[in-house]
2 protein chains.
Amino acid sequence: MDETARHCFVNSTLDIISGKWKMIILFQLTDKTLRFNELKKQIPGITQRVLTKQLRELEQEDIIERRVYPEIPPRVEYSISAYGRTLQPILTLMHEWGALHLKRQHSVERNQHTEGTGFGHDGTM
Amino acid sequence: MDETARHCFVNSTLDIISGKWKMIILFQLTDKTLRFNELKKQIPGITQRVLTKQLRELEQEDIIERRVYPEIPPRVEYSISAYGRTLQPILTLMHEWGALHLKRQHSVERNQHTEGTGFGHDGTM
DNA sequence: CGGGATCCGGCGGGATACTG
DNA sequence: CAGTATCCCGCCGGATCCCG
């Protein structure tokens, strides 16, 4: 089970961070604690139902912490857990790679409509 | 566009490597070139249609290369591109984190059925 | 051999209304 | 305020058949 199923480990990580709004949620919570509606305001376009679901999934994996204050009206605060912070190196790498990738995509598009079929084959980025 | 949309870059990376069979495909191709049916044999459970689709998606992002030999019967070989190899640091990190995460999950399960409600709160993994 | 064409089910995500 | 409860839809992945 060494060479055989390495992709399983990668996929278990992917399962946790895959989700349309998970990344923006994690970024919002990296440096601050937020209440449910504060979080919702920071994420335009998301609905309560979906925000709740994504938060529950992250909470279930111990990536974030949910603290409920027994008050009226209710107050619920979300924050990143210590365990969740261990994801940061991965997210940093993915952030850098993604930025380069988008740049690369743009240059490819430019080449395609200026050269037609010609290719540089540089591949060195 | 610095603090605002970092998650977009991460998501652009996620979009590329997310896909039920992408990881196992990449691992199969890391150290060797494979023909279509060879690849299919190495990935039990996948269908031709889906394998073709995942390969096309990876090819479109320049992660893998597809070489067609104009022979009869046809021969098509797939291999990782130089650009695809730039993903390796990310995959390595995700592999390590995922392995630790699975271990952690197991210990949590053990604690839950031996202690019931008691929690160690160690969080130190 | 390496696909493409067609059909299909499940699930992630969304819109809306209601509630302790 | 911070959710649940319904209903709904698009898309990814799967099964099956056909083709140069």
Side-chain angles (χ1 to χ4, degrees), chain A residues 7-8 10-29 32-61 63-80, chain B residues 7-8 10-29 32-61 63-80:
Chain A
H7 61 276
C8 292
V10 179
N11 280 335
S12 76
T13 303
L14 273 176
D15 288 342
I16 289 173
I17 62 180
S18 289
K20 187 169 177 182
W21 310 92
K22 297 237 173 97
M23 283 305 108
I24 190 170
I25 289 173
L26 288 186
F27 278 122
Q28 289 299 324
L29 295 181
K32 53 190 181 298
T33 295
L34 288 176
R35 299 179 60 171
F36 184 83
N37 272 345
E38 291 172 343
L39 202 46
K40 187 173 183 311
K41 280 175 201 160
Q42 300 300 316
I43 309 177
I46 200 172
T47 62
Q48 292 104 333
R49 181 194 182 278
V50 173
L51 177 55
T52 301
K53 212 183 152 206
Q54 304 266 307
L55 288 170
R56 288 288 187 282
E57 291 172 11
L58 289 170
E59 185 199 1
Q60 199 159 14
E61 305 290 350
I63 306 301
I64 64 173
E65 280 165 1
R66 177 173 181 264
R67 198 158 298 174
V68 183
Y69 297 85
E71 307 171 356
I72 292 192
R75 179 158 60 109
V76 180
E77 288 182 352
Y78 292 92
S79 59
I80 283 210
Chain B
H7 62 277
C8 293
V10 179
N11 280 334
S12 75
T13 303
L14 273 176
D15 288 342
I16 290 173
I17 62 179
S18 289
K20 187 169 179 183
W21 310 91
K22 297 240 173 94
M23 284 305 108
I24 190 169
I25 289 173
L26 288 185
F27 278 122
Q28 289 298 325
L29 296 180
K32 52 191 180 300
T33 296
L34 289 176
R35 299 179 61 170
F36 184 84
N37 273 343
E38 290 171 344
L39 202 44
K40 187 172 182 313
K41 279 175 201 159
Q42 299 301 316
I43 309 177
I46 200 172
T47 62
Q48 293 104 334
R49 182 196 181 276
V50 172
L51 177 55
T52 302
K53 213 183 152 206
Q54 304 266 309
L55 288 169
R56 289 288 187 281
E57 291 172 11
L58 289 170
E59 185 198 2
Q60 198 159 15
E61 304 291 349
I63 306 300
I64 64 173
E65 281 166 1
R66 177 172 181 265
R67 197 158 299 174
V68 184
Y69 297 85
E71 309 171 355
I72 291 191
R75 178 158 61 110
V76 180
E77 288 183 351
Y78 292 92
S79 59
I80 284 210

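It should be emphasised that the depicted structure is a prediction, and the values quoted were computed from it without experimental measurement. Numbers restart at 1 for each chain; the letters A, B, ... are given by sequence-line order, proteins then strands.
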Study note, to complete from the structure: chain B vs DNA chain D, heavy-atom contacts under 4.0 Å, first-to-last nucleotide span, 5' to 3', is dG13(D) to dG20(D)
**Study point:** Any residue meeting salt bridge (Lys or Arg N to Asp or Glu O under 4.0 Å) with Arg67(B), in chain and number order, not counting sequence neighbours
**Key:** Glu65(B)
Review point. Would you say Gln28(A) and Leu34(A) make side-chain contact, with heavy atoms under 4.5 Å?
Key: yes
**Study point:** Side-chain heavy-atom pair Arg56(B), Arg66(B) within 4.5 angstrom cut-off
**Key:** yes
**Study point:** Sugar-phosphate only, base, or nothing, as touched by Tyr69(B) at under 4.0 Å among non-hydrogen atoms
**Key:** nothing
Exercise for review: Return each pair, listed once, that meets salt bridge (charged side-chain N to carboxylate O under 4.0 Å, His left out) where at least one residue sits in residues 38-49 of chain B; pairs must be two or more places apart or across chains.
Suggested key: none
Review point. Taking 5' to 3' order, which nucleotide of DNA chain C is first and which is last to have an atom within less than 4.0 Å of a heavy atom in chain B?
Key: dC1(C) to dT6(C)
Practice item. Let me see the working for Phe36(B) and Leu55(B) under side-chain contact (heavy atoms from CB on, under 4.5 Å), right down to the final yes or no. Key: CA-CA 10 Å; Phe36(B) 184 84; Leu55(B) 288 169; 3.9 Å; yes
Study note, to complete from the structure: Residue pair Pro73(A)/Arg56(A) against DNA chain D: nearer the 5' end by closest nucleotide is Pro73(A)
Check your understanding: Using a cut-off of 4.0 Å on non-hydrogen atoms, how would the nucleic acid contact of Gln54(B) be classed: base, sugar-phosphate, or nothing?
Key -> sugar-phosphate
Exercise for review: May I ask you to say what Arg49(B) touches in the nucleic acid, namely base, sugar-phosphate or nothing, with a heavy-atom cut-off under 4.0 Å?
Suggested key: base
Point to revise | Non-neighbouring partners of Glu61(A) that pass salt bridge (Lys or Arg N to Asp or Glu O under 4.0 Å), sequence neighbours left out | key: none
Review point. How is Val76(B) classified with respect to the nucleic acid when contacts are heavy atoms under 4.0 Å: base, sugar-phosphate, or nothing?
Key: sugar-phosphate
May I have the list of side-chain donor-acceptor pairs in residues 12-26 of chain A shorter than 3.5 Å, sequence neighbours left out?
from: Ser12(A); atom 1: OG; to: Phe9(A); atom 2: O; distance (Å): 2.8
from: Thr13(A); atom 1: OG1; to: Phe9(A); atom 2: O; distance (Å): 3.4
from: Thr13(A); atom 1: OG1; to: Met94(B); atom 2: O; distance (Å): 2.9
from: Thr13(A); atom 1: OG1; to: Gly98(B); atom 2: N; distance (Å): 3.2
from: Ser18(A); atom 1: OG; to: Leu14(A); atom 2: O; distance (Å): 2.8
from: Lys22(A); atom 1: NZ; to: Ser18(A); atom 2: O; distance (Å): 3.2
from: Lys22(A); atom 1: NZ; to: Glu57(A); atom 2: OE1; distance (Å): 2.7

Practice item. Flag yes if more than 12 heavy atoms outside Gln60(B) fall under 6.0 Å of its CD atom; otherwise flag no. Key: no
